[in-house]
*Asks:* 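This is the structure I have questions about; it appears just below.
Per chain, numbering begins at 1; letters A, B, ... match sequence-line order.
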2 protein chains.
Amino acid sequence: MGKAKNLEKEDLSTELKIKDAAAIVFQKKGFAATRTRDIAEEAGLNLALINYYYRSKKNLFDIIMAEKLSTFFRTFIPFILSEDQTPDEKIKRISKDYINLLLENPELPLFVLNAIHTNPEHFTKMIYGAEQIQHSPLVAQLKRLNPKAKFEQFFLNIMALCVFPFIMKPAISHLSDILSKDFENLMKERIEMIPKWMDAMIKVK
Amino acid sequence: MGKAKNLEKEDLSTELKIKDAAAIVFQKKGFAATRTRDIAEEAGLNLALINYYYRSKKNLFDIIMAEKLSTFFRTFIPFILSEDQTPDEKIKRISKDYINLLLENPELPLFVLNAIHTNPEHFTKMIYGAEQIQHSPLVAQLKRLNPKAKFEQFFLNIMALCVFPFIMKPAISHLSDILSKDFENLMKERIEMIPKWMDAMIKVK
DNA sequence: AAAATAATTAATCAAATGATTAAAATCATA
DNA sequence: TATGATTTTAATCATTTGATTAATTATTTT
């Protein structure tokens, strides 16, 4: 529709500028509070280009959200499915990879979880292969470590320990004067501690 | 300003209806996405009454947010300050009181943390006595239990374990078919488990 | 270089929305 | 009950905002 038909790579420049700018503004203010004019300004481009390249604000948002959603959840998948790592190794890698990912994208969790909250039905597809998790190698490994441990609680716990600080970040950062460490150091420390904590938790009861 | 001068209790009826309706809609959709017309409809009242009683949408939001903010954080204060409970008892009570509070107000965490994220400067006052936490009885107790344990991490951990599931709730609830328990039972189980987990974590290292 | 296609711009539109107003209805008080 | 104050209502305003359009500039193709 008024969009370049063939060449899809040379002229990605402005198209990508818009998407990147939109991602920044959407993550900062949320969908409803961002005006297309904010995005245009952030991108340093004319307002009409947003509709020229992406048809509508909502469509642009959906594209960005799909990417962010994937980024937010995909870290876990290889570790859930892998057979040739111990649970210890998996937990270490998840903590490290995930916290480092979130240090690069600190606004990602609140952004994604907000979208799910605002529009739960729309995200059914996201949870595509969730049924298989119960029969995954990781769950089997955990059952072997502690038959009483519930894998739902395990997943909630490791996500909580990794993700929650980023959701609290604005409150924490504001406290950084009185805290001994700044936010980034706090999270670096957690990369080391979370595996130990998870190990202790799994053995409980 | 056009508002009743003297009598401030008899006619709270519609005033409160508006506030309650607004709290529901604001928590569901966020500030920017709620229209004053949504609030009026939720309350079953005429649109103009919102401005008559609360002057502006923003003012109404600020009033609600101040209350929700207090609700979200106040649970911890007595346990931080109390001298005559063991850390074990405190953690048990926090888990129980806080999770039960959030089961009554499941949208509270995302609502409050969003507001802080959108407008961090505005919430400086919230963190009024945070400096004193470092010298609080609870921190002293924790130091005695494990000198290596960091109280910042302890606070993050207990909040994470209690609060994070509610932020994930829309995703979890959607999974309830394939989960063994529904969300409420999952959280009831956590009331029992979190003290044990926290105890194991505190002893780490 | 000329023609055709694509990208960009400034101006504008139409719908949505927070807020106001003036009149009507309700309530309180003497 | 009559008078005055308060509350409620329907209609309207002014601004914001997502989107479109027509004209202009840039790029590609022949």
*Asks:* Can you tell me how far P of dT20(C) sits from OH of Y54(B), to the nearest Å?
*Replies:* 17 Å
*Asks:* What is the distance from CD1 of I50(B) to C1' of dT20(C), rounded to the nearest Å?
*Replies:* 14 Å
*Asks:* So which one's nearest nucleotide on DNA chain D is more toward 5', L47(A) or N46(B)?
*Replies:* N46(B)
*Asks:* Report yes if a side-chain nitrogen or oxygen of T14(A) is closer than 4.0 Å to either non-bridging phosphate oxygen (OP1 or OP2) of dA7(C); otherwise report no.
*Replies:* no
*Asks:* Given dT8(C), dA19(C), dT9(C), identify the nucleotide with an atom nearest to the side chain of Y53(A).
*Replies:* dT8(C)
*Asks:* Any heavy-atom pair between the side chains of K188(A) and L103(A) that's under 4.5 Å?
*Replies:* yes
*Asks:* If we ignore hydrogens and angles and just use 3.5 Å, is the side chain of N59(A) paired with the main-chain N or O of R55(A) as donor and acceptor?
*Replies:* no
*Asks:* Between residues 28-45 of chain B and DNA chain C, which residues have a heavy-atom gap below 4.0 Å?
*Replies:* T34(B), R35(B), T36(B), R37(B)
*Asks:* Report yes if the side chains of M201(B) and M193(A) come closer than 4.5 Å at any heavy-atom pair, otherwise no.
*Replies:* no
*Asks:* Can you tell me which nucleotide in dT9(C), dA6(C), dT20(C) comes closest to the side chain of N51(B)?
*Replies:* dT20(C)
*Asks:* To the nearest Å, how far apart are L49(B) CG and dG18(C) C1'?
*Replies:* 15 Å
*Asks:* Answer yes or no: is there a donor N or O on one side and an acceptor on the other, between the side chain of E89(B) and the main chain of T86(B), under 3.5 Å?
*Replies:* yes
*Asks:* Calculate the interatomic distance between Y52(A) atom OH and dA26(D) atom C1'; express it in whole Å.
*Replies:* 11 Å
*Asks:* Between atom NZ in K58(A) and atom P in dG18(D), what is the gap in whole Å?
*Replies:* 14 Å
*Asks:* With respect to the side chain of K57(B), which nucleotide from dT8(D), dT8(C), dG18(C) is positioned closest?
*Replies:* dG18(C)
*Asks:* Should we say atom CD of E41(A) is surrounded by more than 12 heavy atoms from elsewhere, each under 6.0 Å from it?
*Replies:* no
*Asks:* Output yes when K28(B) and E107(B) qualify as a salt bridge under the 4.0 Å nitrogen-oxygen rule, no when they do not.
*Replies:* no
